[in-house]
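So that the names make sense, note that chain A is the first sequence line, chain B the second, and so on, each numbered from 1.
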Amino acid sequence: MYRIKIHKLLKSETPRDNIIVKGWVRTRRDSSNFSFIEINDGSCLENLQIVANESLENYEDIKKLTTGSAVAVFGNLIESQGRGQQWEMNAKALEVISLAPDSYPLQKKRHTDEFLRTIAHLRPRTNKYGAVFRIRSELSFAIHRFFRERGFRYIHSPIITGSDCEGAGELFKVTTIDFENPPKKDGKIDYSRDFFGTEASLTVSGQLSAEMFALALGDVYTFGPTFRAENSNTKRHVSEFWMVEPEMAFCDLFEDIDLAEEMVKYLTVYILEECSDDLKLFTRFVDKNLKPALENIAQSEFKRILYEEAVEILRKSGKNFKFDISFGKDLQTEHERYLTEDFFKKPVVIYNYPKDIKPFYMRLNDDNKSVAAMDVLVPRIGELIGGSQREERLSMLEARMNETGLLKENYWWYLDSRRFGTVPHSGFGLGFERLIMLMTGTSNIRDVIPFPRTPNSIDF
RNA sequence: UCCCCAGUAGCUCAGUUGGCAGAGCGAGUGGCUGUUAACCACUAAGUCCGCGGUUCGAGUCCGUGCUGGGGAGCCA
């Protein structure tokens with residue numbers, strides 16, 4: 001006899017005798033001579049109703065069960081006599097594993113997201129956050145499955161890096177230097193005496209590593225944490241977040257866009273099909289339009305437009321934007337939202353951006369002023385994916401590095417890839433938390449990562 | 001980093017012109033009922049975010065700091 005998880009029991013076709021269920025009490029309702037106890041074991045959104053009769057020897061203790069207490073129940077799964085659930089469990093014995101005191105912060109009522117953030121260690125015990133983190137797990141699995149079905153290899157790119165990759169934002173330094181008494185040379189801190197013999201930092205992207213492996217294994221992807229030390233305070237930024245970064249050899253920008261679109265749709269369909277119970281909760285309590293919005297993503301063809309066309313549409317929109325629009329400037333949040341939410345009302349891919357607003361590794365187009373870059377914008381989230389065809393021509397790459405002031409010596413290994421068997425290749429980065437926000441309707445990124453790290457906040 | 005808003009019971013909030021600290025929910029106790037965010041009654045529960053100021057008197061007005069939220073920038 002072993003423990004059976006609730007999600008399995010609730011799918012049962014027949015009654016079952018002499019089973020064991022373990023979980024946490026969500027609520028207790030007493031009758032004159034018996035109690036209903038709803039327990040949840042995290043295996044699914046649904047609770048299992050336990051019927052505990054006064055004939056149980058520890059019934060007095062059972063009547064004191066509080067929300068949050070842990071129990072083990074031995075008994076029979078029977079068809080429920082009441083309405084509201086198909087199955088319930090008739091307890092033949094109920095062991096109180098631990099009793100939660102009445103100071104347990106989670107009450108039998110809805111809490112605000114702001115309050116739950118202050119008890120992030122307990123929030124996965126709520127219906128909503130349980131659902132968020134089950135979906136997070138399912139999405140991770142779906143991503144691996146998507147790539148595996150297409151012959152991609154999973155690459156573990158380093159977390160600690162010596163190269164100031166691509167200048168994508170502020171870096172967190174990694175050091176063992178004693179700041180009270182740092183080694184110095186010519187008045188400056190001497191990093192040659194630091195742990196790695198040079199400055200090191202947490203990675204902001206696995207892309208450069210992924211490129212090296214794409215040029216060996218063909219199609220690869222990374223999926224891991226990345227770090228930005230930017231003082232960003234918005235609903236869409238955290239200092240530690242997860243990124244999915246595929247990289248493909250023998251692949252141009254348009255095949256790159258194809259993969260991005262295929263992937264977003266695949267993951268959307270996966271969640272619609274595999275997480276329908278959890279999704280119902282979000283549609284009911286978080287975003288009434290979530291399900292139709294996801295179906296729209298799954299079914300519609302993503303609109304693909306040139307950066308120039310996007311600028312034209314924005315110019316002619318008649319909207320009074322706070323920031324003005326002109327070729328050579330990056331699109332602002334308000335512009336992206338207008339395009340994807342109001343104008344096209346579906347995901348939009350914008351490509352061929354001006355080279356000056358994009359990093360050095362993106363491939364220069366023949367017009368000499370734009371690069372083969374693409375962004376996938378989705379309603380409510382904005383930029384979900386950013387990608388490009390990489391500059392595979394050594395001389396062009398070196399020229400771009402000079403323009404942007406990067407030292408070739410630091411990228412000798414990266415440049416080697418363009419010396420030895422270089423080929424056209426492309427890839428993109430997808431912000432995993434933003435994907436979860438999209439799939440669950442959650443509006444704050446802090447609510448889709450277990451323990452969010454943001455400026456001035458690293459509790460838990 | 002900039003702009004705006006907020007901070008009162010465990011939670012969500014009200015608090016009038018500056019004049020006795022309040023409600024709902026939750027919790028505890030008792031009752032009732034195959035109940036289901038159960039229901040009914042009673043009870044307990046407060047550094048009104050911190051510091052300073054104005055005033056006979058400050059939850060309320062002023063200054064300042066902290067924390068949280070929203071928007072912007074940076075970006076995924």
**Within 45° cone of A:Tyr266 ring axis and under 6.0 Å: A:Arg150 NZ or CZ** = yes
**Item:** No-H, no-angle donor-acceptor pair, A:His111 side chain to B:C11 base, under 3.5 Å
**Value:** no
**Message:** On RNA chain B, compare the nucleotides closest to A:Gln332 and A:Phe285; which residue's is nearer the 5' end?
**Reply:** A:Phe285
**Request:** Kindly say whether, by distance alone, the side chain of A:Gln81 makes a donor-acceptor pair under 3.5 Å with the base of B:U35?
**Result:** no
**Prompt:** Partners of A:Lys108 by side-chain hydrogen bond (donor to acceptor under 3.5 Å, both in side chains), sequence neighbours excluded?
**Reply:** A:Thr27
**Request:** Indicate the ring-plane relationship of A:Phe223 and A:Trp242, choosing parallel, tilted or perpendicular according to the 30° and 60° boundaries.
**Result:** perpendicular
**Asked** Starting at CD of A:Glu336 and ending at C1' of B:G73, how long is that distance when rounded to a whole Å?
**Response** 13 Å
**Residue whose nearest RNA chain B nucleotide is more 5′ - A:Phe36 or A:Gln107** = A:Gln107
**Prompt:** Tell me: CD of A:Glu383 to P of B:C74, nearest whole Å?
**Reply:** 11 Å
**Prompt:** Hey, does A:Arg110 reach any base, or is it just sugar-phosphate, or nothing, if we go heavy atoms under 4.0 Å?
**Reply:** base
**Asked** To the side chain of A:Lys235, which of B:G70, B:G73, B:A38 is closest?
**Response** B:G70
**Fill in**
Residues passing the side chain to side chain contact (heavy atoms under 4.5 Å, CB included) test with A:Thr340, sequence neighbours excluded, are A:Val348, A:Leu377, A:Pro379
**Request:** Kindly indicate whether the side chain of A:Glu114 and the base of B:G68 share any N or O donor-acceptor pair separated by less than 3.5 Å?
**Result:** no
**Request:** Please state whether the phosphate of B:U35, meaning OP1 or OP2, lies under 4.0 angstrom from any side-chain nitrogen or oxygen of A:Ser35.
**Result:** no
**Message:** Strictly under 4.0 angstrom, non-hydrogen atoms only: write out the protein contact profile of nucleotides 28-33 of chain B, one letter per nucleotide from the 5' end, B, S or -.
**Reply:** S----B
**Message:** Determine whether a donor-acceptor pair (one donor, one acceptor, N or O, separation below 3.5 Å) exists between the side chain of A:Glu334 and the base of B:G71.
**Reply:** no
**Message:** Over 60° means perpendicular and under 30° means parallel, so tell me whether A:Tyr351 and A:Phe254 are parallel, tilted or perpendicular.
**Reply:** perpendicular
**Spacing of A:Asn233 atom CG relative to B:G71 atom P, expressed in whole Å** = 12 Å
**Near-strand residues of residues 125-138 of chain A, defined as heavy-atom separation under 4.0 angstrom from RNA chain B** = none
**Positions of residues 444-460 of chain A (non-hydrogen atom under 4.0 Å from RNA chain B), listed by number** = A:Asn444, A:Ile445
**Asked** For A:Lys291, what residues pass the side chain to side chain contact (heavy atoms under 4.5 Å, CB included) criterion, not counting sequence neighbours?
**Response** A:Leu272, A:Thr283, A:Glu295
**Message:** Please name the nucleotide paired to B:C39 by Watson-Crick or G-U wobble geometry with both distances under 3.5 Å, or report none.
**Reply:** B:G31
